[in-house]
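Ligands are counted one by one from 1 in listed order, and the atoms in each one are counted from 1 as well. Owing to the predicted nature of the structure, the values given are computational and were not obtained by experimental measurement.
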Amino acid sequence: MNFAERYGPWALVAGASEGLGAAFATELARRGLNLILIARRAEPLAAVAASLPTRTVTVVADLATDEGIATALGAGDGLEVGLVVANAAYSPIGAFLDLEPAQARRALRVNCAAPVELAHRYLPPMRTRGRGGLVVMSSLAGQQGSPPITVYAATKAFGAVLADGLWAELRPHGVHVVACVAGAVATPGLAGSKAKRAPGTLEPAQVVAAALRGLGRGPRVVPGATMRISSVLMSRLLPHRTAIAIISRASRDLAPPT
Ligand SMILES: NC(=O)c1ccc[n+]([C@@H]2O[C@H](COP(=O)([O-])OP(=O)(O)OC[C@H]3O[C@@H](n4cnc5c(N)ncnc54)[C@H](OP(=O)(O)O)[C@@H]3O)[C@@H](O)[C@H]2O)c1
């Protein structure tokens, strides 16, 4: 089976209006898949859709709300969705105690609840068909506590562990699940922060290629050689408290977009 036969004919990308989500849409369309594109902002979503050579459905939905999740779950009705990319994310930045509890709740909904709901809705038909895939966007920030993005980092750990379990559960049924554990990626989300461009920062297309290559292999993929070395160093070689101190220093210039 080629890629479109294995993961098509439709793919759903949550968080598709810019950055990595738009790059996933571009690459998946290039491989012949039709796209369901989800995000909150209609205009950039429509621009992404207009740039794609295959069929598209755009869905404006806020995945932090029950209504938005219900819309995303209904978006695939009547379509054979063979691939889901859980990419949308919200990252409150600042000292945990200075943030509003509502910001943490929003991160939990967009980054944790939405991928779980999407998995529940779209994986069963894939299991029945004996083919399909799910990509969960995670982050190296989720390998240890990462102030001042403590809640975001914890949600990214959740995404990776969720993918681990689903990878093992669905592998015998021919459905491929992978967590893409990315380091810094040059997206508008990163550019909007005041963080300096870290060594090893990748372009979105490089991360997308690695994530899609990872389908059907192990439960996690870390794109980029520099980031793989960093991942091993931070998670296996250094004492955990040292890893937390390093990531805290590296993240201290992060600030919300102005
Ligand atoms: N960039 C990095 O350095 C990096 C590193 C590691 C991991 N990642 C992960 O990669 C993924 C994409 O990152 P990115 O940098 O491309 O992010 P981004 O530029 O901030 O884009 C996020 C996408 O999600 C959508 N989105 C955000 N909140 C949403 C909501 N409540 N409901 C629906 N859609 C929503 C946004 O569109 P709207 O604003 O139109 O809703 C946008 O299309 C995230 O999961 C992130 O954690 C990124």
task: Show the protein residues that qualify under the rule heavy atom under 4.0 Å from an atom of ligand 1, listing them in chain and number order.
output: G15, A16, S17, E18, G19, L20, A39, R40, R41, A61, D62, L63, A64, N87, A88, A89, R106, V110, M137, S138, S139, Y152, K156, A182, G183, A184, V185, T187, G189, L190

query: Any donor and acceptor pair, going by atom type alone, linking the side chain of S146 with main-chain N or O of G142 inside 3.5 Å?
result: no

field: Under 3.5 Å donor-acceptor, Y122 side chain and G133 backbone
entry: no

- prompt: R171 side chain to G218 main-chain N or O, any donor-acceptor pair under 3.5 Å?
  reply: no

- prompt: Does some side-chain heavy atom of L134 sit less than 4.5 Å from a side-chain heavy atom of V175?
  reply: no

query: Do C180 and V207 have side chains that get closer than 4.5 Å, going by heavy atoms?
result: yes

- request: Before accepting this row, confirm whether a basic side-chain N of the pair R106/D62 lies closer than 4.0 Å to the acidic partner's carboxylate O.
  value: yes

